[in-house]
Amino acid sequence: MKSIQAVSYPVLFEKKAYLELSNLIDKNNYSTIFILVDENTLAHCYPKFTPNLATQKRIEIIEIESGEINKNLETCIGVWNAITELGGDRKSLLITLGGGVITDLGGFVASCFKRGIDFVNIPTTLLSMVDASVGGKTGVDLGVLKNQIGLFANPEIVIVDTDYLETVTEREIKSGTAEIIKYGVTYDINLFNEIKDNKSLNISDLIFRSVEIKNEVVLQDPKEKNLRKILNFGHTLGHAIESFYLESENKENLTHGEAIAIGMVCECYMSSKLLGFPIEKVNEVKEVVLSIYNKTSLLKEDFSAIMELLKHDKKNINGQVNFVLLNDFEDYKLDCKVSEELIVESMEFYNV
Ligand code: GLY
């Protein structure tokens with residue numbers, strides 16, 4: 001079985017991974033197995049999952065409503081109440097079966113319940129397979145501000161089963177692709193080139209390499225003091241754009257990946273102006289992004305609201321926004337200060 005060892009847990013690939021889950025359950029003699037789903041993963045992923053779960057333990061399903069808009073403390077309270085009413089105790093196991101919202105929120109819920117119960121992540125979207133389910137970040141949004149409340153906590157195991165990708169939309173797959181592009185431009189240009197060339201992409205290989213990269217980074221810097229900040233490339237402005245669309249009632253929400261893809265184009269542009277990142281490479285990233293995602297017109301009149309949201313980025317210190325920028329592909333600079341004018345200019349560059 002293919003696997004990657006993270007600091008205290010394995011990321012397991014392929015069907016044999018479920019045997020490890022059964023072993024984990026036997027070994028720890030859990031009292032109850034809670035499975036956190038949303039209405040989509042209950043309908044489409046749970047039927048694929050349940051034949052693989054060999055256990056006599058009591059199983060309880062807890063369903064939350066899908067969508068980033070529900071990734072908040074109110075939903076957590078609902079899940080904590082459900083676990084309590086269903087007799088959850090310290091020996092309970094929570095299995096998260098879903099995308100980034102489920103794995104982030106579920107990990108947070110588990111780590112706080114009675115000061116922490118074990119959890120297992122089973123990501124069902126590309127985004128959660130290559131990013132959210134691995135690396136120990138858990139949490140929820142505060143209003144539209146992304147991931148403001150949370151903690152680092154590691155699952156017991158992560159199971160990456162690409163069969164679940166059959167249950168998600170093309171738009172979801174594209175959302176996860178943005179994170180693979182991020183690993184490509186910051187860490188391993190081969191990944192970016194594979195997506196750019198778009199020749200017989202092997203999704204399992206792309207996922208495996210992405211998890212390998214994420215794990216290498218997280219092992220060196222689990223608490224994001226330094227190197228791990230590269231995983232935020234494109235996310236600083238991208239999160240502000242994502243939040244802006246979330247809070248704008250008259251605009252359709254962007255997926256995380258759509259927002260991050262815009263953020264990466266803009267941050268490549270900032271890199272070219274501040275660090276001499278070659279403009280041909282900025283254009284290459286922009287071309288790849290526009291070949292995958294529909295163009296979003298960022299309206300001039302929205303720039304100030306986006307700038308306002310940027311002020312809440314988690315990496316900010318003393319009110320100063322900190323960007324990860326690129327000297328070149330695979331060559332980054334952390335904690336870059338960027339003027340408001342250049343941030344606006346970068347959004348204008350994306351627009352043309
Ligand atoms: N998603 C970025 C990180 O896990 O650090």
Side-chain angles (χ1 to χ4, degrees), residues 4-9 11 68 71 96 98-108 111 119 121 123-142 145-155 158 160 172 174-188 191 206-243 254-264 267 310 312-317 321-326 332 334-335:
I4 294 173
Q5 184 58 39
V7 60
S8 61
Y9 61 96
V11 183
E68 186 72 30
K71 187 181 166 185
T96 65
V101 171
I102 292 276
T103 55
D104 279 10
L105 182 145
F108 178 68
S111 335
F119 66 100
N121 285 339
T124 59
T125 63
L126 183 58
L127 184 91
S128 58
M129 288 179 192
V130 298
D131 187 22
S133 65
V134 180
K137 280 188 181 176
T138 73
V140 293
D141 302 340
L142 185 65
L145 301 177
K146 299 263 307 166
N147 305 325
Q148 297 280 304
I149 310 295
L151 42 86
F152 289 100
N154 287 316
V158 177
V160 177
E172 273 298 336
K174 288 182 175 179
S175 182
T177 305
E179 300 291 352
I180 304 179
I181 295 174
K182 174 192 78 181
Y183 295 125
V185 297
T186 56
Y187 202 90
D188 179 357
L191 267 183
L206 289 177
I207 294 170
F208 190 81
R209 181 66 189 132
S210 298
V211 174
E212 236 174 18
I213 293 172
K214 176 145 191 190
N215 192 46
E216 271 171 41
V217 170
V218 172
L219 282 177
Q220 290 174 67
D221 179 20
K223 294 274 174 79
E224 201 175 295
K225 302 273 183 253
N226 231 305
L227 175 68
R228 187 168 181 166
K229 291 181 187 171
I230 66 167
L231 301 180
N232 294 319
F233 179 69
H235 286 60
T236 307
L237 188 54
H239 270 160
I241 293 172
E242 186 181 0
S243 297
L254 296 179
T255 63
H256 178 70
E258 286 162 351
I260 269 38
I262 300 172
M264 286 193 285
E267 293 178 18
L310 203 49
H312 297 282
D313 188 82
K314 291 185 301 305
K315 295 179 301 308
N316 298 353
I317 310 278
V321 185
N322 286 305
F323 285 87
V324 180
L325 297 182
L326 297 176
Y332 56 85
L334 305 177
D335 301 327

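Both counts, for ligands and for their atoms, begin at 1 and track the order of listing. Atoms considered below: every heavy atom in the structure, side chains included; atoms not considered: hydrogens, waters and symmetry mates.
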Give every residue pair that meets the salt bridge (Lys or Arg N to Asp or Glu O under 4.0 Å) criterion with at least one member in residues 231-242, sequence neighbours excluded. Lys146-Glu242
Residues at least two apart in sequence or cross-chain that pass side-chain hydrogen bond (donor to acceptor under 3.5 Å, both in side chains) with Asp188, listed by chain then number, are Asn190, Arg209
Under 3.5 Å, is there a donor-acceptor pair between the Glu179 and His235 side chains? yes
With sequence neighbours excluded, residues passing side-chain hydrogen bond (donor to acceptor under 3.5 Å, both in side chains) with Asn215: none
Distance alone, cut at 3.5 Å: any donor-acceptor contact between the side chains of Asn121 and Thr103? no
Residues in contact with ligand 1, criterion: heavy atom under 4.0 Å: Asp131, Lys137, Lys214, Glu224, Arg228, Leu231
Distance-only side-chain donor-acceptor flag, Asn322 / Lys229, under 3.5 Å: no
